[in-house]
Amino acid sequence: MRLILLGPPGAGKGTQAQFMVEQHGIAQLSTGDMLRAAVAAKTAIGLQAKEIMDRGDLVSDEVVVGIVSDRVDEPDCAKGFILDGFPRTVAQAEALDEMLEQKGLRLDTVIELAVDEGILLDRIVKRAEETEGGPRADDNAEALAKRLSVYREQTQPLIDYYSGTGLLSSVDGMQSMDEVRASIETVLKEIA
Ligand code: AMP
């Protein structure tokens with residue numbers, strides 16, 4: 001099973017992806033986590049990405065597409081994977097289509113977690129407070145506002161993009177965590 005989880009920062013993509021990892025034994029591919037690991041390890045990509053991430057902007061399409069392409073080839077992705085935080089632009093979505101075609105793979109579904117923007121700030125503030133070892137560098141008011149505007153401008157168009165392919169399902173992300181989880185499982189059963 002190969003799927004995309006689409007939604008703004010704070011929508012719960014990471015939490016729901018973790019549930020799916022446990023339930024279905026597929027891999028979670030979070031480009032945000034991969035980039036944060038690169039920053040922590042001070043790799044060339046990490047050094048380049050840090051400042052961009054800290055201010056809430058997007059790292060270049062080329063860099064993230066390269067990271068995802070390499071990651072998809074790893075053995076733990078053989079049973080499938082959840083793309084969490086990728087694609088984030090139409091150009092990334094097009095690159096993903098091409099990449100999967102070259103690898104002889106296809107997407108099964110795209111699940112949108114639909115949430116009211118008003119609650120995102122509260123959720124992210126809460127996440128920042130609960131993060132072990134301190135909040136993420138981009139969990140502050142300024143970077144968050146930027147991340148939300150970047151989402152609206154660059155990522156939201158993907159809803160139309162995937163709607164056009166017939167792959168898109170929308171789940172109400174305002175429900176409780178367990179209800180969202182159950183709604184996602186319903187979508188996954190429908191496509192199985
Ligand atoms: P996330 O953990 O998904 O919220 O991502 C944190 C930050 O990493 C984002 O604000 C971007 O700076 C960067 N990032 C993660 N995924 C992507 C992507 N697909 N394209 C560009 N930048 C990304």
Side-chain angles (χ1 to χ4, degrees), residues 4-21 28-68 71 82-96 110-162 168 170-177 180-181 184:
I4 296 174
L5 263 186
L6 203 58
K13 299 187 297 294
T15 305
Q16 294 300 331
Q18 270 304 312
F19 288 147
M20 282 187 262
V21 168
Q28 175 190 10
L29 271 52
S30 157
T31 42
D33 286 350
M34 292 185 241
L35 288 166
R36 278 185 289 279
V39 169
K42 297 193 165 66
T43 65
I45 284 178
L47 292 173
Q48 200 190 322
K50 183 177 178 355
E51 209 187 307
I52 301 170
M53 293 171 72
D54 285 355
R55 63 169 189 259
D57 262 322
L58 292 185
V59 173
S60 79
D61 291 337
E62 203 188 342
V63 165
V64 286
V65 169
I67 294 180
V68 171
R71 185 67 186 82
I82 307 147
L83 293 169
D84 159 12
F86 176 90
R88 255 174 157 100
T89 63
V90 170
Q92 289 179 19
E94 288 168 350
L96 175 66
V110 178
I111 300 178
E112 177 205 4
L113 292 184
V115 288
D116 283 352
E117 270 211 14
I119 64 127
L120 295 175
L121 191 61
D122 286 350
R123 280 198 186 176
I124 293 185
V125 167
K126 199 160 161 240
R127 175 171 80 189
E129 286 167 0
E130 288 170 356
T131 306
E132 264 178 60
R136 280 167 44 169
D138 60 353
D139 271 351
N140 59 72
E142 205 180 322
L144 177 63
K146 180 73 186 171
R147 282 156 66 204
L148 287 174
S149 77
V150 166
Y151 180 81
R152 254 180 259 122
E153 283 161 28
Q154 309 217 47
T155 310
Q156 203 129 282
L158 292 182
I159 303 213
D160 281 344
Y161 182 90
Y162 287 115
L168 187 76
S170 188
V171 161
D172 177 6
M174 301 297 290
Q175 306 173 97
S176 72
M177 207 158 60
V180 174
R181 179 182 188 166
I184 290 177

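It should be emphasised that the depicted structure is a prediction, and the values quoted were computed from it without experimental measurement.
- Rounded to the nearest 0.5 angstrom, I67 CD1 and E62 CD are separated by 11.5 Å.
- Looking only at side-chain heavy atoms (C-beta outward), V115 and P8 come within less than 4.5 Å of each other.
- In this structure, the side chains of L113 and I184 come closer than 4.5 Å at one or more pairs of heavy atoms.
- Between the side chain of D116 and the main chain of I119, no donor-acceptor pair closer than 3.5 Å is present.
- Judged by distance alone, the side chain of R71 and the main-chain N or O of M34 form no donor-acceptor pair under 3.5 Å.
- Once rounded to the nearest 0.5 Å, the distance linking CD1 of I52 with CG of L58 reads 9.0 Å.
- With sequence neighbours left out, the side-chain hydrogen bond (donor to acceptor under 3.5 Å, both in side chains) criterion links Y161 to D97.
- Counting heavy atoms from C-beta on, the side chains of V125 and E129 come closer than 4.5 Å.
- Counted within 6.0 Å of CE on M177, heavy atoms from surrounding residues, nucleotides or ligands total 12 or fewer; the atom is thus considered open.
- Not one N or O on the side chain of K13 forms a donor-acceptor pair closer than 3.5 Å with the backbone of G85.
- Side-chain contact check for I4 versus L96: some heavy-atom pair is nearer than 4.5 Å.
- The only member of D138, D139, D122 that meets salt bridge (Lys or Arg N to Asp or Glu O under 4.0 Å) when paired with R127 is D139.
- Atom CD of E117 has more than 12 heavy atoms from other residues, nucleotides or ligands within 6.0 Å.
- Around the CD atom of E94, the shell of radius 6.0 Å holds more than 12 heavy atoms that belong to other residues, nucleotides or ligands.
- D57 meets the salt bridge (Lys or Arg N to Asp or Glu O under 4.0 Å) test with R55, K146; sequence neighbours excluded.
- Within a 6.0 Å sphere centred on CD of Q156, other residues, nucleotides and ligands contribute more than 12 heavy atoms.
- Looking only at distances, no side-chain donor or acceptor of R88 sits under 3.5 Å from a matching main-chain atom of Q154.
- Contact annotation: the side chain of V68 never approaches that of Q92 to less than 4.5 Å [non-hydrogen atoms, C-beta and beyond].
- Put simply, the side chain of T31 does not reach to within 4.5 Å of the side chain of V59, judged on heavy atoms.
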